[in-house]
Amino acid sequence: MLALGQDEIAKYPFLADAGQYLKDKGFTLEQFGTDPDLKELIDKAYERIRVAADGKIYKSDLIEDQVSKEAALPREVFSFLLAIVLLKLSGMHTLIKRFSLAEARRAEKYLEKDLANISDESKKQLAIKIIDDLFSVQIEKLDDYFIIPVSDYLKHSINFHEREWKLINRHIENGQVFLTPHETVRLIRKELGTYINSKIVNAKAPTMIPGFEDSVNKLVMLSKKFSTFTVTTGEYPPCIKHAIDVLEKGENLPHSGRFMLATFLLSKGQSIQQIAPLFKNAPDYNERVTLYQLNHLSGTSGSGTQYSCPSCEKLKTQSLCFATSECDNIISPLQFGKKRK
Amino acid sequence: MNEIDIKFLENVFKKYYFEHFDLIRVPERTSEREFGYQKFNSGMTRHISVKDDKELHLLLMQNIPSDVYCSNAYYTFPNLPMNEKDWKEADLIFDIDAKDLNLSCRVNHTISICNVCNEISNNSEKCLKCNSTKLEKKSLPCKNCIDSSKTEVLKLTEILINDFSINKDDIHVYFSGNEGFHIYVYNSQLQQIGSRERSELVDYVMFNGAIPEKFGMKKFKPNRNSFPDFGGSGWRGRFSKYVFGSKSKRSKIISELISNGYSSFQKTLDDVSKNIGTKIDPNVTMDIHRIFRLPGSINSKSGLTKIYCKDLKKFDAYADSSFLSEDIVEVLANCPIEFKLKNKRFGPYNNEKVSVPTFTAVYMICKKLATIA
């Protein structure tokens, strides 16, 4: 376990052992619901969630990354811990997700500053250690950059869809990727969010605590704002249209194209009997093989795994993508034509 | 394929596996690999585990496969169904195939065989006899195909060594036995990465998806200083050498690039991709569960051996990979294109009975351009 100073606990409250912290400070959750002085902190916790739900980053009481007043540290940590309690009591998953992400981005700001800190070596080392402990990514400093092995870089960067994160657009030397402090921290944002999310999800759900009801009810109301529904136009994306065109013309569609078409249509709820005739015109059509493969893809035979439709990124690599403006930055053909209302 | 041809090929293959077992490289960590094989005119048998050389030898002699395969992946239980194998890691493999290089020579040595009426014609879209579009293409690769593939192999190995710091001894190049090369990378930090990560690696070596900013071109107020240096590392350096040509031209060309604007620069990048990106088959590298033709085994598309290329420059694909006997066989050949094997020219044969060495007969029968007379 990391040895954290006061400033670090305030900056990275998710690293602290919550239960232990409360005990050490001599408090129980019930006290927060009844003691008027402590009750203020529930409002602060609610506010922390509300800000996160709006997609913003909660502004803490830290001044220049330091716990200025003695009371600030417990306030910072308590508001984080109480926020978790409120989220658990409300049971609203959308809010938990949004909160985790916002808290990750809040921590990200501090990590970035600590990594870039030239005057305080210990701050930098701690940031490096946090990244190593939590995400098993070993970073090293080289001149103004942090370098990490290509394999570690890839494991994290494949979750990004912006083109500047593609390996081709990075500076690579000797099997290492060069990153700025900002990029280093950005790289693990999702894992940071996932880490915080899993801490919350795995926390024991308390039963309702007197004095917490109002805030919990407000959260339930708040989460309603985020429920969405989608409508689908039903039109096929250009990659699928292209594949069907190729087959209709009796031209050869590569195996990867057939895989894409079949998994797409299966995901859209079509049956094997509906899909199989599409392949009839293929130069090497064989009914038995086609049915075998479709059964395999749908999971009705073989290992039982149902194969999913490849992502747009993968299709680009396979030269199967024929994106139009209507694709509108979707990341899977399955999202084509879906509009959030 | 008819029974007589199959019997003939099986006899030849059996003799090869008996006499040339030394050429078959039992891969390291044999017991963690999945093996598979195909027999003539039948499906794939896979999920086989093999303990050692002896067991593999026995498998080949007992089954006389047309093709033998071995996984790049290492599993705890290679013989169980796919989702129970417990994948550990996989060697990184690249496939460079002349058919993906869009070479102009290709049209001269590609034949179409009609699946409906068996008519053989020079490369066409429809069968000239029965108008069917169900055509099977067969190519008899030429020296240009192999030389161009070699160039791609060299481009790839240069990137692997310089950018990814891979030890030269850990890169093994094999001739596939048909019209390309398989490049294996062992002991690298990339052993454990999954399929999605490998697809990023593919885009890297193919030079796919580059953005102008990375090569110095900003959308607003482009700045001359950010353009890559002539001797820059990685793709910036290769880009620089290709686009600027020489140090002296750099300044002038940067001015041109800036004045042509951002979207024109993106087009330049696409052009660069076609010329200096390595042309590999992306699906092969992305697949971490595939079984690959076993080094040293015969490729049933040609009767040639998938063979290790010790010295790629000197390697002569259609002489160094042919290990079958020279005994004369009589075949009925319908092969409208001339080809070269073991430094001898054969064909063209127009539906005629000819006496050729066994290795040539096998080559044509495998390509469906001859049958035993």
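Numbers restart at 1 for each chain; the letters A, B, ... are given by sequence-line order, proteins then strands.
- In this structure, B:Glu200 contributes its side chain and A:Ile158 its backbone to no donor-acceptor pair below 3.5 Å.
- Contact annotation for B:Ser132: neither backbone nor side-chain heavy atoms come within less than 4.5 Å of a heavy atom of chain A.
- Interface remark: A:Tyr285 contributes side-chain atoms only to the contact with chain B (heavy atom separation under 4.5 Å).
- Scanning residues 255-274 of chain A against chain B with a 4.5 Å non-hydrogen threshold yields A:Ser256, sorted by number.
- Atom CG of B:Leu201 sits about 10.5 Å away from atom CD1 of A:Ile168, to the nearest 0.5 Å.
- The candidate from B:Asn208, B:Asp203, B:Leu190 with the greatest count of non-hydrogen atom pairs under 4.5 Å with chain A is B:Asp203.
- Taking non-hydrogen atoms and a 4.5 Å limit, the residue list of residues 232-240 of chain B in contact with chain A, ordered by number, reads B:Ser233, B:Trp235.
- Below 4.5 Å, heavy atoms of chain A meet heavy atoms from B:Pro282, B:Asn283, B:Met286, all part of residues 272-293 of chain B.
- Counting heavy atoms from C-beta outward, A:Asn159 and B:Arg196 have side chains that approach closer than 4.5 Å.
- Shown here is B:Lys368, whose NZ atom has no more than 12 heavy atoms of other residues, nucleotides or ligands within 6.0 Å.
- Enclosure of atom CD in A:Glu287 is not indicated, since only 12 or fewer non-hydrogen atoms of other residues, nucleotides or ligands lie within 6.0 angstrom.
- For NZ of B:Lys126, the number of neighbouring non-hydrogen atoms (other residues, nucleotides, ligands) closer than 6.0 Å is 12 at most.
- Note that NZ of A:Lys166 and OG of B:Ser199 are 6.5 Å apart. Values are rounded to the nearest 0.5 Å.
- For B:Lys267, the NZ atom counts as loosely surrounded, since its 6.0 Å shell holds 12 or fewer non-hydrogen atoms of other residues, nucleotides or ligands.
- Considering all non-hydrogen atoms of both residues, A:Gly175 and B:Gln189 come closest at O-NE2, 2.9 Å.
- Annotation for A:Tyr292: atom OH does not count as buried by contact number, only 12 or fewer foreign heavy atoms lying within 6.0 Å.
- Atoms CZ and CG, on A:Arg170 and B:Asp163 in that order, are 14.5 Å from each other to the nearest 0.5 Å.
- Of the two parts of B:Leu135, only the backbone, made up of N, CA, C and O, holds a non-hydrogen atom closer than 4.5 Å to a non-hydrogen atom of chain A.
- You'll find the side chain of A:Gln176 stays beyond 4.5 Å of the side chain of B:Ser165, heavy atoms only.
- A distance-only check finds a donor-acceptor pair linking the side chain of A:Asn169 to the backbone of B:Gly209 [under 3.5 Å].
- Side-chain contact between A:Ile172 and B:Tyr204: present, with at least one pair of heavy atoms (C-beta onward) separated by less than 4.5 Å.
- With a threshold of 4.5 angstrom between heavy atoms, A:Glu313 approaches chain B through side-chain atoms but not through N, CA, C or O.
- Near-neighbour residues of residues 137-147 of chain A relative to chain B, defined by a heavy atom under 4.5 Å from a heavy atom of that chain, are none.
- The shortest side-chain heavy-atom distance between B:Glu197 and A:Lys155 falls under the 4.5 Å cut-off.
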